[in-house]
Amino acid sequence: MKVLVYGSGGRDHCLADKYGDSQQVDKVYFAPGNPGVLYTPKGKRGLIERVPIRDFGKIVDFCLEKGVDIVDVGSENPLEEGLIDLLNEKGIRTVGPLKEYVRLESDRAFTDDLLVEIGVPKPEYQVFEDPDQARKYVRNIGYQVVVKANGLAAGKGAIVCDDVAQAEKAIHDIMEKKIFGDSGNKVVIEERKYGTEISFFAYLDGEHVMPLKMFAQDYKPAFDPDDTESIKQFGGNLNTGGTGCYCPHKLVSPWLVNRIIKEIVNPTVNAIYNKLGWQYKGVLYFGLNLDPYDRLDVFEINVRHGDPEWEVLARKLSTDLFEIATSVWEGKLDQITQIWNNQYYVDVIAMEGRSKASRGWNKGYPGRYGKGHRIKGLDQVERGIAIFFAGVDEDPEKGLVTQGGRVLHVVAGNPTLEGAREKAYRNIAKISFEDHYNNGANCMRYRKTIGL
Ligand code: GLY
């Protein structure tokens, strides 16, 4: 069987890798992919092949020409741009929602209103199109808030505020300065919740739902809580798309899994199938909070796997992903048995840190970051460690170089969480990014508290 994974980030690389584990799959095309895959065992032996095509029409032609059996679209942007619709029109089987259904992620206000209507718990919120009205609201509300861009913002669109001044700044940045472009024409201002964040996932096949009975915890803040120097420099501990992840989440238990399914997943899926009448086929991501009083709340719903959550869940999942994908397409998810191995997994993300620019300095991700830094030490990484590449490029002289803020994921497994942490950190320490403007100093940065 031949699979094509469309995407270029760490989650997409991990999807390609997981399909490559299937006994039924002998070729995984990764489009437009990233050159990092050629530095991995599956890339070296040609099981995963990078196809540097971005154009949707050409992707359709490629799939037809090669006889691709199924296409998995891993991220929200190509889904919103209608890649699934186009592939289906040509009779190509897919995993991922149609363009219309991406609204669940790309229009927060729509989804929040739907959740309230069907009685799914979520923090209190108000929607604003006028920044002055939004400012008036946060001055009067009295409790802390999160200001969220209504549209897509690469997982970074929520600004968690300590006080009114920060909330007003967030409103200004999103609605007037437009740091997330038109996604900030509207904001959702939501009550800030305290507790433990949970990322929960389910596959849907248009008729059934298969909630994953395992969940993960993402570490969104850019810096470790005790890294006060960086937090001060960046004007707060900024939210990122994720800096690392571990699973099983410390709260995984049959009791909580059942509660999440009963209180959140089932009513939402029922509304999708029966109220909206959508034949949704793909992944649903529930961003949740469990507060100290055991109340569950939905922060957000996304239409794809989490990044970096998928990188750890995929390692723990022993069920064949190709079988899941085929069942999503054929409406047979009820026939899938979930198998999870007995390991803990920790994913630590190597990010672009402070580096020298041609003039001055780059602060590093999530601020302005440098590019083109040679990635060294990959050959030192121990066997059994998975490296998933994200923001990388290939340079004719330097080989693999950095290209994005989040550069690569180091994922390690062990029967204990401490063992997995130790292994991930031991191996990420072997990797470095060479800052060519600063005498080759290492400009790689990573958080030290993933899994703690
Ligand atoms: N890890 C957060 C996200 O994928 O949106």
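Position 1 is the first residue of the sequence; numbering continues from there. Treat the numbers as computed from the prediction; the structure is a model and nothing was measured.
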Inset, instruction - Test side chain to side chain contact (heavy atoms under 4.5 Å, CB included) on Leu251 and Ile198 and set out the steps. - result: CA-CA 9 Å; Leu251 294 180; Ile198 292 169; 4.3 Å; yes
Inset, instruction - Mind running side chain to side chain contact (heavy atoms under 4.5 Å, CB included) on Asn414 and Glu422 for me, showing each step along the way? - result: CA-CA 9 Å; Asn414 190 266; Glu422 203 273 317; over 6 Å; no
Inset, instruction - Could you please spell out the steps behind the side chain to side chain contact (heavy atoms under 4.5 Å, CB included) verdict for Arg93 and Val71? - result: CA-CA 6 Å; Arg93 308 188 318 163; Val71 177; over 6 Å; no
Inset, instruction - Please test Asp320 against Ser22 for side chain to side chain donor-acceptor pair (under 3.5 Å), starting from the C-alpha separation and ending with a verdict. - result: CA-CA 6 Å; Asp320 183 331; Ser22 169; 2.9 Å; yes
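Of the inter-residue distances, the one linking Arg374 atom CZ with Leu400 atom CG reads 11.0 Å to the nearest 0.5 angstrom. One finds the CD1 atom of Ile450 at 11.0 Å from the CG atom of Leu417 (value rounded to the nearest 0.5 Å). One distance of note links CG of Leu212 with CZ of Phe286; it measures 10.5 Å at 0.5 Å rounding. We find the CE-CG distance between Met214 and Asn341 to be 8.5 Å, quoted to the nearest 0.5 Å. Between the NZ atom of Lys90 and the CG atom of Asp61 there is a distance of 8.0 Å, given to the nearest 0.5 Å. Between the CG atom of Leu115 and the CG atom of Leu104 there is a distance of 8.5 Å, given to the nearest 0.5 Å.
Side chain to side chain, Glu309 and Ser199 meet the donor-acceptor criterion of an N or O pair below 3.5 Å. Under 3.5 Å, the side chains of Ser75 and Asn77 contain no donor-acceptor pair of N or O atoms. Checked by atom type, the side-chain pair Asp435/Ser355 shows no donor-acceptor distance below 3.5 Å. Checking Arg103 against Tyr101 by side-chain atom types alone, no donor-acceptor pair falls below 3.5 Å. Side-chain atoms of Thr94 and Asn88 form a donor-acceptor pair, as typed in the model, at a separation below 3.5 Å. Of the N and O atoms on the side chains of Arg368 and Asn362, at least one donor lies less than 3.5 Å from an acceptor on the other residue.
When all heavy atoms are compared, the tightest approach of Ile53 to Ala31 is O-CB, 3.8 Å. Annotation for His13 and Phe389: closest pair ND1-N, 2.9 Å, computed over non-hydrogen atoms. In terms of heavy-atom proximity, Met444 sits nearest to Asn442 at N-OD1, 2.9 Å. Of all the heavy atoms in Gly241 and Pro308, the pair that sits closest is O-CD, 4.1 Å. Across every non-hydrogen atom of Pro211 and Phe200, the tightest pair is CB-CE2, 3.9 Å. Shortest non-hydrogen contact noted between Thr319 and Ile339 is OG1-N, 2.7 Å.
Salt-bridge annotation for Asp112 and Lys122: present, with a side-chain N of the basic residue lying under 4.0 Å from a carboxylate O of the acidic one. Salt bridge status for Arg315 with Glu311: absent, with no side-chain N to carboxylate O gap under 4.0 Å. Using a 4.0 Å cut-off between charged side-chain N and carboxylate O, Arg445 and Glu352 make no salt bridge. Between Asp21 and Lys42 there is a salt bridge, since a side-chain N of the basic residue sits under 4.0 Å from a carboxylate O of the acidic one. Using a cutoff of 4.0 Å between basic side-chain nitrogens and carboxylate oxygens, Glu81 and Lys99 are not scored as salt-bridged. Salt bridge status for Asp162 with Arg192: present, with a side-chain N to carboxylate O gap under 4.0 Å.
Using modelled atom types, no side-chain atom of Asp347 and backbone atom of His409 make a donor-acceptor pair closer than 3.5 Å. In this structure, Tyr39 contributes its side chain and Leu378 its backbone to no donor-acceptor pair below 3.5 Å. At least one donor-acceptor pair closer than 3.5 Å links the side chain of Arg108 to the backbone N or O of Ala149. In this structure a side-chain-to-backbone donor-acceptor pair under 3.5 Å is missing from Lys186 to Phe128. Not one N or O on the side chain of Asn438 forms a donor-acceptor pair closer than 3.5 Å with the backbone of Ala441. Looking only at distances, a side-chain donor or acceptor of His249 sits under 3.5 Å from a matching main-chain atom of Glu197. Side-chain N or O atoms of Asp69 include one that pairs as donor or acceptor with a backbone N or O of Lys2 at under 3.5 Å. Side-chain atoms of Lys316 come within 3.5 Å of backbone atoms of Gln343 as a donor-acceptor pair (strictly under, hydrogens ignored). Judged purely by atom type and a 3.5 angstrom limit, Thr243 has no side-chain atom pairing as donor or acceptor with the backbone of Ala222. Checked by atom type and distance alone, the side chain of Asp72 never pairs as donor or acceptor with a backbone atom of Leu4 at under 3.5 Å.
Ring-plane geometry between Tyr29 and Phe62 is classed as perpendicular, the angle between the planes exceeding 60 degrees on a 0 to 90 degree scale with a lower cut at 30. Below 30°, between 30° and 60°, or above 60°: for Trp278 and Phe110 the angle between ring planes is below 30°, a parallel geometry. A perpendicular orientation is assigned to the rings of Tyr19 and Phe322, their planes being inclined by more than 60° (bins at 30° and 60°).
Contact check for Leu204 versus Val328: no side-chain heavy atoms found under the 4.5 Å cut-off. Annotation: side chain of Leu290 is in contact with side chain of Leu256 (closest heavy-atom distance under 4.5 Å). Between Asp297 and Leu288, every side-chain heavy-atom pair lies at or beyond the 4.5 Å cut-off. You'll find the side chain of Met175 reaches within 4.5 Å of the side chain of Val187, heavy atoms only. When side chains are defined from C-beta on, Pro225 counts as touching Thr449, because their heavy atoms get closer than 4.5 Å. Within the 4.5 Å cutoff, side-chain heavy atoms of Ile301 are placed close to those of Leu284. Side chains of Val73 and Val95 form no contact here, defined as non-hydrogen atoms less than 4.5 Å apart. Counting only heavy atoms from C-beta outward, the side chains of Ile385 and Lys423 approach each other to under 4.5 Å.
Checked against Glu434 for a salt bridge (charged side-chain N to carboxylate O under 4.0 Å, His left out), the options Lys376, Lys398, Lys356 give a single hit: Lys376.
Cation-pi geometry between Lys281 and Trp329 is met: under 6.0 angstrom from the ring centre, within 45 degrees of the axis.
Shown here is Glu382, whose CD atom has more than 12 heavy atoms of other residues, nucleotides or ligands within 6.0 Å. For Lys178, the NZ atom sits in a packed shell: over 12 heavy atoms of surrounding residues, nucleotides or ligands are nearer than 6.0 Å. For Arg426, the CZ atom sits in a packed shell: over 12 heavy atoms of surrounding residues, nucleotides or ligands are nearer than 6.0 Å. Under a cut-off of 6.0 angstrom, the local environment of CD in Glu229 is sparse, with at most 12 non-hydrogen atoms contributed by other residues, nucleotides or ligands. Within 6.0 Å of NZ on Lys213 lie no more than 12 heavy atoms contributed by other residues, nucleotides or ligands.
Here His305 and Tyr285 keep their ring centres 6.0 angstrom or further from each other. Residues Phe223 and Phe234 place their aromatic rings such that the two centres sit under 6.0 Å apart. The aromatic ring centres of Phe56 and Tyr6 sit less than 6.0 Å apart.
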